[in-house]
Peer 1: 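Supplied in structure tokens, the structure appears directly below.
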Amino acid sequence: MHVSGMELDEVTISRAIVSEQSRVLLEYLDVDVAVVGGGPSGLTCAALCAENGLKTVLIERKLSVGGGMWGGGMMFPRIVVQDEAKRLLDRFSITSTQYSPGYHLASSVESVAKLTAAACDAGVEFLMLVSVEDVVVKGDGRVGGLVINWTPVETTGLHVDPLTLACRYTVDATGHDAMIAHMVARKGGDLHIRGERFMWAERAEAQIVGHTKEVFPGLVVTGMAANAVAGECRMGPIFGGMLLSGEAAARAIGEALR
Ligand code: 48F
């Protein structure tokens with residue numbers, strides 16, 4: 001096959017991919033912010049950190065970002081956002097319509113796409129199919145790095161040692177499981193995880209920004225991870241709190257690193 005009279009060489013294609021991603025991986029082994037989890041809160045946080053000029057990497061264990069947003073509510077690909085967060089839909093150019101006063105409807109597919117596009121435009125780098133399996137905590141008592149491995153290594157149980165990256169701040173955006181917070185607590189870090197509570201959308205949404213904070217030196221929690229650590233309720237397919245929490249996490253890190 002000829003494109004513009006040029007012969008395509010498979011090895012050149014391979015070399016381009018491997019050399020560029022190797023360069024990116026080397027460059028991003030030392031970052032300002034490592035966001036773990038590419039759901040709505042993680043994408044929002046990463047996009048805003050990068051917009052603030054911070055070198056930001058987003059680590060996602062799956063093949064695609066978006067987390068629990070794609071599925072909307074029970075696979076109906078629509079999400080609801082309340083008045084308080086409507087400005088964030090607008091900020092990311094996500095189309096919405098008012099369903100009834102205070103309830104704004106958006107497509108979950110468009111929401112994931114536009115949050116992801118904003119993160120890309122801001123300069124976030126993505127490590128896909130990579131799982132965080134542990135944290136680095138040294139004498140200063142801070143989470144100063146993350147231990148990463150390919151997700152298929154984890155899922156197949158292969159005995160392959162991981163690699164490590166350094167970060168000034170880690171964001172636990174891993175959703176309901178609050179994976180990073182659990183890693184810290186399990187290994188003896190002074191972090192008490194209260195565990196997520198019942199469905200109560202009004203309460204969960206009202207409290208989530210308050211729960212978005214540095215819960216252990218160097219570790220900020222956002223999204224459902226923030227509510228899980230705080231012993232707060234869940235909210236189902238209303239997503240305003242996820243966007244507001246991602247924004248609050250980026251703000252907290254920006255202030256801490258200023
Ligand atoms: O679950 P998720 O979408 O987190 P979120 O931003 O949003 C929660 C909502 O989707 C929904 C809700 C809102 O009403 O309740 O559930 O808090 O996205 C979490 C992402 O983290 C990835 C996971 O694959 C998902 O995409 N993840 C989880 N553990 C790891 C990870 C890990 N150890 N390493 C890398 N990525």
Side-chain angles (χ1 to χ4, degrees), residues 34-48 57-82 85 88 106 108-109 111-112 115-116 119 126-135 143 146-155 162-165 167 170-184 186 196-209 211-212 219-230 232-250:
V35 177
V36 189
S41 66
L43 284 171
T44 304
C45 176
L48 298 180
V57 69
L58 191 151
I59 304 169
E60 168 54 53
R61 78 177 334 154
K62 295 193 175 150
L63 185 51
S64 59
V65 288
M69 205 179 214
W70 293 110
M74 216 180 94
M75 290 200 224
F76 292 93
R78 290 286 180 275
I79 61 165
V80 171
V81 165
Q82 64 276 47
L88 284 169
S108 64
V109 174
S111 300
V112 173
L115 288 175
T116 308
F126 293 81
L127 298 185
M128 304 301 302
L129 281 172
V130 173
S131 292
V132 173
E133 62 169 58
D134 203 352
V135 297
V143 173
L146 297 173
V147 182
I148 56 173
N149 213 332
W150 300 114
T151 301
V153 166
E154 182 195 73
T155 50
L163 294 174
T164 301
L165 61 80
C167 47
T170 295
V171 180
D172 186 343
T174 62
H176 298 260
D177 295 334
M179 299 280 282
I180 311 304
H182 276 286
M183 286 169 198
V184 170
R186 219 174 19 244
E196 184 185 301
R197 298 186 63 215
F198 306 111
M199 176 81 95
W200 184 355
E202 165 81 29
R203 190 192 149 96
E205 289 284 299
Q207 301 298 320
I208 194 166
V209 169
H211 296 318
T212 303
L219 176 65
V220 170
V221 287
T222 186
M224 272 317 298
N227 275 11
V229 170
E232 189 52 76
C233 295
R234 59 182 301 201
M235 73 289 284
I238 180 158
F239 279 79
M242 296 301 125
L243 307 180
L244 292 167
S245 174
E247 179 188 50

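Order of appearance sets the numbers: ligands from 1, and atoms from 1 within every ligand. Since the model is a prediction, treat every value here as computed from it, not as a measurement.
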Peer 1: Quick check on contacts: which atoms of ligand 1 are under 4.0 angstrom from a heavy atom of K62?
Peer 2: 24 (O)
Peer 1: Just so I know, are the side chains of I79 and M69 near enough to count as touching, which here means a heavy-atom distance under 4.5 Å?
Peer 2: yes
Peer 1: List the closest protein heavy-atom neighbour of atom 19 (C) of ligand 1: residue, atom name, distance to the nearest 0.1 Å.
Peer 2: A173 O, 3.4 Å
Peer 1: Between V80 and F239, is any pair of side-chain heavy atoms under 4.5 Å apart?
Peer 2: no
Peer 1: Give the minimum heavy-atom separation between Q82 and G240, together with the two atoms involved.
Peer 2: OE1-CA, 3.2 Å
Peer 1: Could you measure the distance from the CE atom of M242 to the OG1 atom of T212? Nearest 0.5 Å is fine.
Peer 2: 8.5 Å
Peer 1: Do V36 and M179 have side chains that approach each other closer than 4.5 Å (heavy atoms only, starting at C-beta)?
Peer 2: no
Peer 1: Looking only at protein heavy atoms, identify the closest one to atom 21 (O) of ligand 1 and say how far it is in Å.
Peer 2: G37 CA, 3.1 Å
Peer 1: For ligand 1, indicate whether the residue I238 contacts it via side chain, backbone, both or neither (heavy-atom separation under 4.0 Å).
Peer 2: backbone
Peer 1: Out of all atoms in ligand 1, which are within 4.0 Å of some heavy atom of F239? Include the element for each.
Peer 2: 9 (C), 10 (O), 13 (C)
Peer 1: Measure from the side-chain N and O atoms of E232 to the backbone N and O of A204, and report whether any donor-acceptor pair falls under 3.5 Å.
Peer 2: no
Peer 1: For atom 18 (O) of ligand 1, what is the nearest protein heavy atom, given as residue, atom name and distance?
Peer 2: G39 CA, 3.5 Å
Peer 1: Nearest to atom 4 (O) of ligand 1, what protein heavy atom do you find, and at what distance?
Peer 2: G175 CA, 3.4 Å
Peer 1: Are L115 and L243 close enough, and set up right, to give a side-chain contact (heavy atoms from CB on, under 4.5 Å), and what steps lead you there?
Peer 2: CA-CA 10 Å; L115 288 175; L243 307 180; 3.9 Å; yes
Peer 1: Measure the distances from the heavy atoms of M242 to every atom of ligand 1 and state whether one is below 4.0 angstrom.
Peer 2: yes
Peer 1: Using a 4.5 Å cut-off on heavy atoms from C-beta on, say whether the side chain of N227 contacts that of M235.
Peer 2: yes
Peer 1: Just jot down the ligand 1 atoms closer than 4.0 angstrom to any heavy atom of I59, in number order.
Peer 2: 35 (C), 36 (N)
Peer 1: Who's closest to atom 13 (C) of ligand 1 heavy-atom-wise, of G236, A178, G68?
Peer 2: G236
Peer 1: How does M224 reach ligand 1, by side chain, by backbone, by both or by neither, if only non-hydrogen atoms under 4.0 Å count?
Peer 2: both
Peer 1: Compute whether any side-chain donor of one residue and acceptor of the other, for S131 and T151, lie under 3.5 angstrom apart.
Peer 2: yes
Peer 1: Does I148 have a non-hydrogen atom less than 4.0 Å from ligand 1?
Peer 2: no
Peer 1: Would you indicate whether the side-chain heavy atoms of S64 and W70 approach each other to under 4.5 Å?
Peer 2: yes
Peer 1: Within a distance under 4.0 Å of any heavy atom of S41, pick out the atoms of ligand 1 and give their elements.
Peer 2: 5 (P), 6 (O), 17 (O)
Peer 1: N/O to N/O below 3.5 Å, does that happen between V132 and ligand 1?
Peer 2: yes
Peer 1: Between V130 and ligand 1, which residue portion shows a heavy-atom distance shorter than 4.0 Å: side chain, backbone, both, or neither?
Peer 2: backbone
Peer 1: So if I count the atoms of ligand 1 from 1 in the order they appear, which ones are less than 4.0 Å from some heavy atom of E60?
Peer 2: 20 (C), 21 (O), 22 (C), 23 (C), 24 (O), 25 (C), 26 (O), 36 (N)
Peer 1: Exactly one of L165, L127, I148, N149 should register a side-chain contact (heavy atoms from CB on, under 4.5 Å) with V132. Which one does?
Peer 2: I148
Peer 1: Provide the number and element of each atom of ligand 1 under 4.0 Å from a heavy atom of G223.
Peer 2: 17 (O)
Peer 1: Geometry only, no angles: is R61 polar-contacting ligand 1 at N/O separations under 3.5 Å?
Peer 2: yes
Peer 1: Non-hydrogen atoms of H176 versus ligand 1: any pair closer than 4.0 Å?
Peer 2: yes
Peer 1: Side chains of I180 and L219: does their closest heavy-atom pair fall under 4.5 Å?
Peer 2: yes
Peer 1: For atom 28 (C) of ligand 1, grab the closest protein heavy atom and report residue, atom and distance to one decimal in Å.
Peer 2: T174 CB, 3.6 Å
